[in-house]
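Presented below is the structure to which this report refers.
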Amino acid sequence: MEVFRKLFQTWGPQHWWPGRTRLEIIVGAILTQNTNWANVEKAITNLRRKRLLSLHALLTFPESTIAQAIRPAGYYNQKAKRLKAFASFLERTYGGSLRRMFSDTTPQLRQRLLSVPGIGPETADSILLYAGRRPVFVVDAYTRRVMQRHGWIRGNETYEDLAALCQQALPADVQLLNELHALLVRLGKTHCRTRPRCPGCPLEKLLPPDGPLM
DNA sequence: GTCCTGGCTA
DNA sequence: TAGCCGGGAC
């Protein structure tokens, strides 16, 4: 909570997730895997312009057509496959209804999302939090790096370990978890980069005496 | 050349 | 655990 307060006091609300619809948020969550968001926006713009941003289109258009549209997001062949995998999952499991999907319980839906090829824990949790408004903490590479550099974890924890650790330390508040993940991403892009830039960091006073650990 | 709101496979 | 996917921005 101290981390959240410091980050929020410094940068304020981050206005995530910038998607128009729940489907668009889910598509964005898949497209942004290991990819800069600016490139995802280009891909989503292409999908919209080509009328591919619908469940029906994702189900019916050939994978190669989807791939061409999302090319700016990188990994376009893999991601085209993943978008179609999610679309067929939604059709098969919930009759194509996002409303039915999001009326499922969080643990049940999470388990089912993880069974979709191309949806791992971070993508599943992003979907739950940002499209489903469920109080879920999203762990990402920045989260791990920030915690490791401050000596709060050993570094060999699994995704589920870190998620449990953070959930436990935080209230189950959708808005807070929404902002916190976005703020941690901002922190990772500005200060907690591959090479740390601690001077001026909102968390500078939380550093161990000898500085960052890695 | 490095990095980007990961996940799958061998 | 390493290698792979990959274009775009810097």
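Chain A is the first sequence line, chain B the second, and so forth, proteins listed ahead of strands; every chain is numbered from 1.
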To the nearest 0.5 Å, what is the distance between [atom1] on [X] and [atom2] on [Y]?
{"X": "A:L47", "Y": "A:S54", "atom1": "CG", "atom2": "OG", "value": "10.0 Å"}
{"X": "A:Y142", "Y": "A:L183", "atom1": "OH", "atom2": "CG", "value": "13.5 Å"}
{"X": "A:I127", "Y": "A:F102", "atom1": "CD1", "atom2": "CZ", "value": "7.0 Å"}
{"X": "A:R144", "Y": "A:R149", "atom1": "CZ", "atom2": "CZ", "value": "13.5 Å"}

Salt-bridge criterion met for A:E41 and A:R48 (N-O under 4.0 Å): no

A:A38 or A:T35, whichever maps to the more 5' nucleotide of DNA chain C: A:T35

5' to 3' contact window, DNA chain C with chain A (heavy-atom distance under 4.0 Å): C:dC5 to C:dA9

Which nucleotide in B:dC3, B:dT5, B:dC4 has an atom nearest any side-chain atom of A:E122: B:dT5

Minimum-distance nucleotide (side-chain atoms of A:T194 versus B:dG7, B:dT5, B:dC3): B:dC3

Rounded distance in Å between the C1' positions of B:dT5 and C:dT1: 24 Å

C1' atoms of B:dC8 and C:dG8, separation to the nearest Å: 23 Å

Nucleic acid contacts of residues 137-161 of chain A, taken as heavy-atom distances under 4.0 Å to DNA chain C: none

Of A:I25, A:V174, A:T106, the residue whose pairing with A:L129 passes side-chain contact (heavy atoms from CB on, under 4.5 Å): A:V174

Of A:R193 and A:P121, the one whose closest DNA chain B nucleotide lies more 5': A:R193

Of A:R82 and A:N39, the one whose closest DNA chain B nucleotide lies more 5': A:N39

Ring centroid separation A:W37 to A:W16 under 6.0 Å: no

Same cluster (ILVMFWY, side-chain, under 4.5 Å), A:L187 and A:M214: no

